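All values reported here derive from a predicted model rather than from experimental measurement. Here is how names work: the chains are called A, B, and so on, in the same order as the sequence lines, proteins then strands, and each is numbered from 1.
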Amino acid sequence: MLDIRFIRENETEARRLLDMRGQALLLGGLLSLDKRRRALIEATDAQKARRNELSREISEAAKRGGEISDLKEESRRIGDSITAGDAELKAIENDLESRLLQIPNFPHASVPPGRTAEDNLVVREWGIKPVLDFTPKDHLALGKELRIFDFERGTKITGSGFPVYHSAGAVLERSLVNFFLDFHRERGTYTEVTVPFVVNRKSLIGTGQLPKFEEDLYLSNTDDLFLIPTAEVPITNLHRDELLNESELPICYCGYTPCFRREAGSYGKDTRGFLRVHQFDKVEMVKFTRPEDSYAEHEKMTKDATAILESLGLHYRVVLLCAGDMGFGAAKCYDIEIWSPAEQKWLEISSCSNFEAYQARRANIRYRRSDTGKPEFVHTLNGSGLATPRLLVCLLETYQNDDGTVSVPDVLKKYTGFGLITSSGVR
RNA sequence: GGAGAGAUGGCAGAGUGGUCGAAUGCGGCGGCCUCGAAAGCCGUUGUACCGCUUGUCGGUACCGGGGGUUCGAAUCCCUCUCUCUCCGCCA
């Protein structure tokens with residue numbers, strides 16, 4: 001959520017920043033509501049002050065045994081007026097709040113202008129495209145021949161986009177999750193947490209998925225609980241409505257969860273196999289920082305994600321998203337993309353975002369500054385580190401051999417217990 | 001699912017319809033003491049909003065959420081949510 005005071009005092013700038021995302025129209029009517037709100041507060045506060053004064057007078061007059069019925073009558077009249085004013089105020093504040101919840105974050109000054117992925121900037125690239133002296137098979141062909149995935153049966157038991165991992169595929173997938181978690185733990189930056197996979201509305205409002213993107217979520221109607229689309233939601237909300245100590249910042253968590261996404265509206269786009277699924281596994285990194293530290297922590301977090309890819313020997317690039325291509329709550333976002341030899345294209349494997357105070361304001365996550373002694377909103381960040389499906393695509397395609405087998409990267413062998421996947425089993 | 005208890009400041013925990021933004025303890029901050037620290041002692045310490053004369057300023061609100069009674073509610077009533085204890089069921 002944006003700070004209404006900032007918008008009030010910097011209307012032109014606010015309009016310019018939202019226009020970078022093509023969302024300046026959302027500001028329409030906001031400030032006149034804000035003005036009406038403040039006028040009402042001023043009026044009702046004055047009436048409440050008068051009522052408090054009358055109450056004191058009544059108390060004193062009653063003690064002296066004086067006449068109090070006129071005072072009571074005036075107080076009652078003012079009370080009625082206050083009730084009316086408060087009712088209008090509440091309606092206006094509800095309206096204002098629901099409008100503010102629909103407005104995306106401002107892009108940071110370092111974010112390039114632009115409306116589509118065309119305007120994103122590649123900021124660095126690591127490794128080279130794998131050189132194969134044969135025509136690479138795609139992950140679907142490899143998965144079928146090696147019998148490590150079963151998309152058809154996943155479709156049967158649930159629906160499309162709910163993959164089944166089979167035999168070596170199941171082990172490989174589980175190994176990746178453990179590898180990611182151990183990777184972060186050994187570097188000592190993140191505290192591992194295991195959190196619920198189902199969350200309430202308040203949590204989703206806190207991180208920005210609600211109220212605007214409800215159709216992207218799976219909902220359990222009976223209890224009004226949602227399956228999480230990312231561990232960002234439960235982990236960021238760990239500190240909702242809390243006042244943190246400055247000395248404990250930055251707080252850095254990582255955690256594994258499955259993720260559930262309806263992917264409404266994205267049918268027909270990258271839907272084959274693992275390219276877009278409704279359920280997948282991911283290890284997420286989440287940070288809570290002081291405002292002045294968040295951009296340095298953002299760079300570090302992005303490096304934490306790419307370091308995993310380097311240890312797996314996978315060709316990747318880091319892309320700085322333009323204002324129009326960023327997610328709703330992000331002020332700045334790097335996408336990390338890995339190369340698919342069979343698809344001959346880059347696949348998004350991670351998004352590392354700095355939300356600044358946007359989520360903190362929604363979720364009321366503050367810390368007490370030691371220099372001022374005053375509470376202030378933290379900055380929140382999160383990034384995938386990493387998600388398994390597209391990683392499996394690139395891993396299999398990159399490490400396939402000309403005889404149809406697939407080698408396991410060295411760092412994963414201690415997790416899988418095998419080094420080669422063949423159609424007749426593992427070795 | 002049944003019965004009961006509870007929700008108060010950063011945390012713990014008192015609180016009679018009016019002077020309660022709220023005792024006390026812990027924590028935090030400042031000072032004394034000390035070579036320094038601990039201990040001890042003294043003092044201090046809520047948040048949000050509105051306003052302008054931007055101040056150690058004025059006002060309002062806030063004791064889980066919402067509603068009611070009253071001139072006046074942390075305190076009385078209704079309701080919702082959540083937590084805890086016991087019983088039952090399940091693992």
Side-chain angles (χ1 to χ4, degrees), chain A residues 1-9 30-101 194-206 210-211 220-226 234 237-249 251 288 290 357 360-378:
Chain A
M1 193 157 59
L2 297 178
D3 182 3
I4 185 72
R5 198 164 359 180
F6 178 88
I7 299 174
R8 186 192 305 150
E9 290 164 6
L30 203 68
L31 286 176
S32 60
L33 269 178
D34 176 58
K35 203 167 177 181
R36 178 70 186 140
R37 169 179 167 269
R38 284 181 294 143
L40 272 171
I41 288 173
E42 211 175 330
T44 53
D45 276 5
Q47 290 176 317
K48 286 171 185 172
R50 174 62 185 153
R51 182 176 63 181
N52 288 342
E53 195 183 336
L54 284 169
S55 280
R56 279 190 292 271
E57 286 173 22
I58 290 169
S59 169
E60 283 161 25
K63 255 181 251 170
R64 292 194 312 265
E67 176 56 49
I68 57 172
S69 58
D70 285 355
L71 294 172
K72 279 192 180 184
E73 178 51 29
E74 184 186 354
S75 180
R76 198 177 296 126
R77 242 185 14 252
I78 290 178
D80 289 345
S81 175
I82 290 171
T83 303
D86 276 348
E88 188 187 350
L89 180 62
K90 189 169 183 185
I92 284 174
E93 290 193 325
N94 285 343
D95 191 5
L96 204 53
E97 163 101 354
S98 65
R99 285 172 190 243
L100 280 171
L101 288 175
T194 301
V195 291
F197 303 160
V198 177
V199 294
N200 57 31
R201 278 180 193 274
K202 263 193 165 172
S203 294
L204 287 155
I205 288 169
L210 290 182
S220 173
N221 269 308
T222 317
D223 298 300
D224 205 35
L225 295 174
F226 295 83
N237 278 281
L238 283 173
H239 295 301
R240 170 153 50 82
D241 293 321
E242 289 188 17
L243 184 57
L244 304 167
N245 291 322
E246 182 172 10
S247 60
E248 59 189 329
L249 300 179
I251 296 173
F288 303 81
R290 299 190 305 172
R361 195 171 284 115
R362 284 174 166 248
N364 189 31
I365 308 169
R366 300 176 301 166
Y367 75 105
R368 191 180 293 283
R369 278 197 86 88
S370 54
D371 51 4
T372 62
K374 293 294 168 193
E376 181 174 294
F377 290 115
V378 298

Expressed as a whole number of angstroms, how long is the span from Asp86(A):CG to C62(B):C1'?
13 Å

Is Ile58(A) touching bases, backbone alone, or none of the nucleic acid, heavy atoms closer than 4.0 Å?
base

Specify the separation, in whole Å, of atom CD of Glu53(A) and atom C1' of G18(B).
16 Å

P atom, U69(B) versus C78(B): distance in rounded Å?
15 Å

Using a strict cut-off of less than 4.0 Å between a Lys/Arg side-chain nitrogen and an Asp/Glu carboxylate oxygen, indicate whether Glu376(A) and Arg290(A) qualify as a salt bridge.
no

Work out how far the P atom of G25(B) is from that of C84(B), and round it to whole angstrom.
30 Å

Leu89(A) atom CG is separated from C50(B) atom P, nearest whole Å, by 11 Å

Short N-O contact, Arg37(A) and Glu93(A), less than 4.0 angstrom:
yes

With a 4.0 Å limit, can you tell me whether Asn245(A) has a side-chain N or O closer than that to the phosphate oxygens OP1/OP2 of G10(B)?
no

Considering only the C1' atoms, how many Å lie between C80(B) and U24(B), rounded to the nearest integer?
33 Å

Whom does A48(B) pair with, Watson-Crick or G-U wobble, provided both distances fall under 3.5 Å?
U60(B)

What is the separation between atom CZ on Arg369(A) and atom P on G10(B), rounded to the nearest whole Å?
19 Å

Side-chain (Arg51(A)) to main-chain (Ser75(A)) donor-acceptor, under 3.5 angstrom
no

If you look at every strand shown and take non-hydrogen atoms under 4.0 Å, does Leu243(A) touch a base, only sugar-phosphate, or nothing?
sugar-phosphate

Considering every strand and a 4.0 Å limit on heavy-atom distances, what is the contact class for Lys202(A): base, sugar-phosphate, or nothing?
nothing

Contact summary for Arg368(A) and Gly373(A), nearest pair of heavy atoms
NH1-O, 2.8 Å

Scan Arg77(A) against the nucleic acid and name what it touches under 4.0 Å (heavy atoms): base, sugar-phosphate only, or nothing.
nothing

Distance below 4.0 Å between Lys90(A) side-chain N/O and G67(B) OP1 or OP2:
yes

Across all strands, who's sitting opposite A38(B) as a Watson-Crick or G-U wobble pair, both distances under 3.5 Å?
none

Would you please confirm or rule out a distance under 4.0 Å between OP1 or OP2 of C50(B) and any side-chain N or O of Arg8(A)?
yes

Could you state the CD-P distance from Glu42(A) to C52(B), rounded to the nearest angstrom?
7 Å

Only residue of Leu100(A), Ile4(A), Leu96(A) satisfying side-chain contact (heavy atoms from CB on, under 4.5 Å) with Leu33(A) is Leu96(A)

What interatomic distance, in whole Å, is found between P of G66(B) and the corresponding atom of G58(B)?
28 Å

Euclidean distance, atom OH of residue Tyr367(A) to atom C1' of C11(B) [Å, nearest integer]
21 Å

Rounded to whole Å, please give me the gap between CG in Leu40(A) and P in C50(B).
13 Å

From the set C49(B), U47(B), G72(B), return the single nucleotide nearest to any side-chain atom of Pro375(A).
U47(B)

Strictly below 4.0 Å, N to O, side chains only: are Arg56(A) and Glu53(A) in salt-bridge contact?
no

Within the 4.5 Å heavy-atom criterion, are Leu101(A) and Arg362(A) side-chain neighbours or not?
yes

Starting at the 5' end of RNA chain B and moving along, which residue's nearest nucleotide shows up first, Glu376(A) or Arg50(A)?
Glu376(A)

Considering just the side-chain nitrogens and oxygens of Lys374(A), establish if one lies under 4.0 Å of OP1 or OP2 belonging to U47(B).
yes

When you compare the side chains of Asn200(A) and Ser203(A), does any donor N or O come within less than 3.5 Å of an acceptor on the partner?
yes

By nearest heavy atom, map Ile4(A) and Thr44(A) onto RNA chain B; which one lands nearer the 5' end?
Ile4(A)

From the list G18(B), C49(B), U60(B), which nucleotide is the closest neighbour of the side chain of Arg37(A)?
C49(B)

With a cut-off of less than 4.0 Å, is there a side-chain N or O of Arg368(A) near OP1 or OP2 of C29(B)?
no

Can you find a side chain N or O atom of Arg56(A) that sits less than 4.0 Å from OP1 or OP2 on G18(B)?
no

I'd like the C1' distance from G67(B) over to A73(B), given in whole Å.
14 Å

Rounding to an integer number of angstrom, what distance separates A22(B) and G9(B) when you compare their C1' atoms?
9 Å

Rounded distance in Å - CD (Glu74(A)) to C1' (G72(B)):
14 Å

Does Arg76(A) put a side-chain nitrogen or oxygen below 4.0 Å from OP1 or OP2 of C71(B)?
yes

I'd like the P distance from G1(B) over to C71(B), given in whole Å.
42 Å

Any-strand Watson-Crick or G-U partner of G10(B), both distances under 3.5 Å:
C26(B)

Which one, G18(B), C50(B), U60(B), comes nearest to the side chain of Ser55(A)?
G18(B)

Who does U19(B) pair with, Watson-Crick or G-U, both distances under 3.5 Å?
none

Answer yes or no: does a side-chain N or O of Arg366(A) lie under 4.0 Å from OP1 or OP2 of U47(B)?
no

Watson-Crick or G-U wobble partner for U69(B), using a 3.5 Å limit on both distances?
none

Can you tell me, in whole Å, how much space there is between the C1' of A12(B) and that of G28(B)?
15 Å

Quick one: which of C71(B), U60(B), G18(B) gets closest to the side chain of Ala49(A)?
U60(B)

pair_partner(U85(B)), Watson-Crick or wobble, both distances < 3.5 Å, evaluates to A3(B)

